[in-house]
Asker: 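Let me give you the structure first, and then I'll get to my questions.
These numbers come from a predicted model, not from an experiment. Residue numbers count from 1 along this sequence.
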Amino acid sequence: MKLIRLLGSMLDKDVKKLEGKFIERGFDYLVTGEDTTVLKPDGSPLLVYRHAAMPEDISTRALPALRRAARVTYNRATVAGLQPEKRGPDGKFKKTRPAIAAESGIVGYFGRSRREPTCRATAFTRSDLAGYSRIIAYAQAANLIFKSELPERYAAQAEVVARTAKDFVIPNTVFTTVTVNRNLRTRVHTDKNDLAAGFGVMSVLRSGNYSGGLLVFPQYRVAVDLRDRDVLLADVHEYHGNTPIIGEPGWERISTVMYFRERLQTCGNLGSEELMRLRRRNG
């Protein structure tokens with residue numbers, strides 16, 4: 001197992017300037033094909049990479065469901081970006097711009113928001129029960145890797161899970177939610193809805209011939225080339241984004257991020273408490 005101890009990093013104010021932009025290279029270390037742990041200058045983990053750690057049979061069964069979960073959406077402006085500015089009939093630029101289309105979806109559970117007064121299952125989770133069961137098995141496999149490789153971070157997340165209504169936790173995991181992206185290059189961003197004390201667990205299923213799509217942590221000049229069934233435990237509160245992806249026709253890269261959605265720890269149980277909240281809101 002390879003261990004990289006980083007000696008320095010880019011200043012916070014400088015890396016923040018990259019937010020919302022595509023990254024081209026900007027790294028000194030490339031992690032791929034060999035189990036590797038990377039520590040920040042303060043000794044805390046930036047990432048733990050485990051090559052081909054996801055079981056092949058579980059990955060194969062989950063793949064069709066993950067494809068179905070990654071539907072075309074215009075709600076990923078943070079990572080996909082906004083469409084070019086357009087002028088209205090009056091010749092002035094429109095005040096709002098829609099996001100660029102992305103193949104992305106959410107599996108598992110959402111917390112309350114301004115538009116939605118109750119905690120709830122995502123549309124995919126409610127409508128594709130067979131697919132959700134396959135993704136549960138996939139998440140459970142990732143959960144075991146998380147528990148084994150980063151026990152302290154896992155324990156912190158498990159402590160919050162123990163206080164959370166089981167209706168909103170993926171069974172036998174410390175995750176509430178899985179974000180699924182298909183062939184998506186992300187701009188530099190941080191994940192803002194994840195549990196601060198937890199860690200993001202990523203995996204990729206890939207096919208066909210392509211290059212690029214490296215996941216770069218620009219503040220630390222570290223990049224990861226996630227190959228098929230690799231698992232990456234990462235501090236997703238650090239800035240990260242992908243390099244360009246260039247491939248032959250038919251290539252595919254399905255990436256998953258498994259995490260605990262912070263607002264879900266305040267949810268009541270699905271059968272009564274959340275239902276009563278909805279009834280009170282509706283009068």
Side-chain angles (χ1 to χ4, degrees), residues 20 22 54 58-84 96-116 118-142 167-171 173 175-187 189 191-194 200-208 210 212-213 215 226 228-229 232 236 240-242 244-245 247 249-261 263-264 270:
F22 279 131
M54 289 295 283
I58 291 174
S59 300
T60 299
R61 288 197 295 269
L63 182 56
L66 293 170
R67 283 195 186 109
R68 295 196 298 273
R71 300 173 179 174
V72 175
T73 178
Y74 294 89
N75 293 327
R76 301 299 311 277
T78 300
V79 297
L82 298 173
Q83 295 183 19
T96 59
R97 288 188 289 161
I100 294 171
E103 291 186 71
S104 183
I106 306 293
V107 178
Y109 304 95
F110 276 134
R112 304 183 193 102
S113 66
R114 291 181 181 178
R115 295 179 59 184
E116 296 288 346
T118 60
C119 302
R120 64 209 185 276
T122 68
F124 176 89
T125 306
R126 296 193 307 268
S127 64
D128 194 334
L129 297 181
Y132 181 47
S133 69
R134 297 290 179 90
I135 295 174
I136 287 174
Y138 191 79
Q140 288 172 343
D167 292 328
F168 300 105
V169 177
I170 296 173
T173 76
F175 311 125
T176 62
T177 314
V178 182
T179 297
V180 186
N181 299 319
R182 181 177 183 272
N183 298 350
L184 177 62
R185 180 191 180 192
T186 64
R187 296 171 185 264
H189 67 287
D191 293 5
K192 302 189 186 320
N193 295 311
D194 299 38
V201 181
M202 307 180 192
S203 188
V204 164
L205 300 178
R206 54 187 288 176
S207 61
Y210 72 84
L215 183 65
L226 282 160
D228 193 49
R229 298 189 295 111
L232 181 68
V236 292
H240 55 282
N242 296 107
I245 305 173
W251 69 272
E252 182 176 54
R253 182 182 188 272
I254 292 183
S255 63
T256 56
V257 186
M258 291 158 268
Y259 57 100
F260 185 98
R261 205 168 182 91
R263 290 184 180 179
L264 286 165
L270 185 61

Asker: In Å, rounded to the nearest 0.5 Å, how long is the span from CG of N181 to CG of L66?
Answerer: 11.0 Å
Asker: When you compare the side chain of H240 with that of D191, does any pair of heavy atoms fall below 4.5 Å?
Answerer: yes
Asker: Check whether any side-chain heavy atom of M258 sits under 4.5 Å from a side-chain heavy atom of I170, and report yes or no.
Answerer: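 M258 vs I170: side chains apart.
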Asker: Just by modelled atom types, is the P171 backbone N or O under 3.5 Å from a matching donor or acceptor in the Q140 side chain?
Answerer: yes
Asker: How long is the span from the CH2 atom in W251 to the CZ atom in R206, to the nearest 0.5 Å?
Answerer: 9.5 Å
Asker: Distance from S207 atom OG to L63 atom CG, nearest 0.5 Å?
Answerer: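 Here the rounded value is 7.5 Å.
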Asker: Given side chains that start at C-beta, do those of T177 and F110 come closer than 4.5 Å, heavy atoms only?
Answerer: no
Asker: Counting only heavy atoms not in R68 (residues, nucleotides, ligands), do more than 12 fall under 6.0 Å from its CZ?
Answerer: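 Count over threshold, so yes.
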Asker: Nearest heavy-atom pair of S113 and R120: which atoms, and what distance?
Answerer: OG-NH2, 4.5 Å
Asker: Got a second to check how far L226's CG is from M202's CE, nearest 0.5 Å?
Answerer: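 Answer for the CG-CE pair, L226 versus M202, is 8.0 Å.
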Asker: Begin with the C-alpha distance, continue with both residues' side-chain angles, and end with the deciding distance and a verdict on side chain to side chain contact (heavy atoms under 4.5 Å, CB included) for Y259 and V236.
Answerer: CA-CA 10 Å; Y259 57 100; V236 292; over 6 Å; no
Asker: Counting only N and O atoms by type, is there a donor-acceptor contact under 3.5 Å from the side chain of T122 to the main-chain atoms of I106?
Answerer: yes
Asker: Quick one: do R253 and R182 satisfy side chain to side chain contact (heavy atoms under 4.5 Å, CB included)? Show the steps, please.
Answerer: CA-CA 6 Å; R253 182 182 188 272; R182 181 177 183 272; over 6 Å; no
Asker: Give the minimum heavy-atom separation between A141 and I58, together with the two atoms involved.
Answerer: CB-CD1, 4.2 Å
Asker: Could you check if a side-chain atom of R261 sits within less than 4.5 angstrom of a side-chain atom of Y109, using non-hydrogen atoms only?
Answerer: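 Not in contact.
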Asker: Rounded to the nearest 0.5 Å, what separation is found between the OH atom of Y138 and the CG atom of L205?
Answerer: 3.5 Å
Asker: Taking the side chain as every heavy atom from C-beta outward, state whether N183 and I245 have any pair of such atoms under 4.5 Å apart.
Answerer: no
Asker: Determine whether V180 and F124 make a side-chain contact, defined as any pair of heavy atoms from C-beta on separated by less than 4.5 Å.
Answerer: no
Asker: To the nearest 0.5 Å, tell me how far R112 CZ sits from L264 CG.
Answerer: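 Going from the CZ atom of R112 to the CG atom of L264 covers 9.0 Å.
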Asker: Kindly indicate whether the side chain of T176, heavy atoms from C-beta on, has any atom under 4.5 Å from the side chain of F168.
Answerer: no
Asker: Using only atom types and a distance under 3.5 Å, with no angle test, would you say the side chain of R134 pairs donor to acceptor with the backbone of R61?
Answerer: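 Here the side-chain-to-backbone pair exists.
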Asker: Identify the two heavy atoms, one from S203 and one from M54, that lie closest to each other, and give their separation to 0.1 Å.
Answerer: OG-CG, 3.4 Å
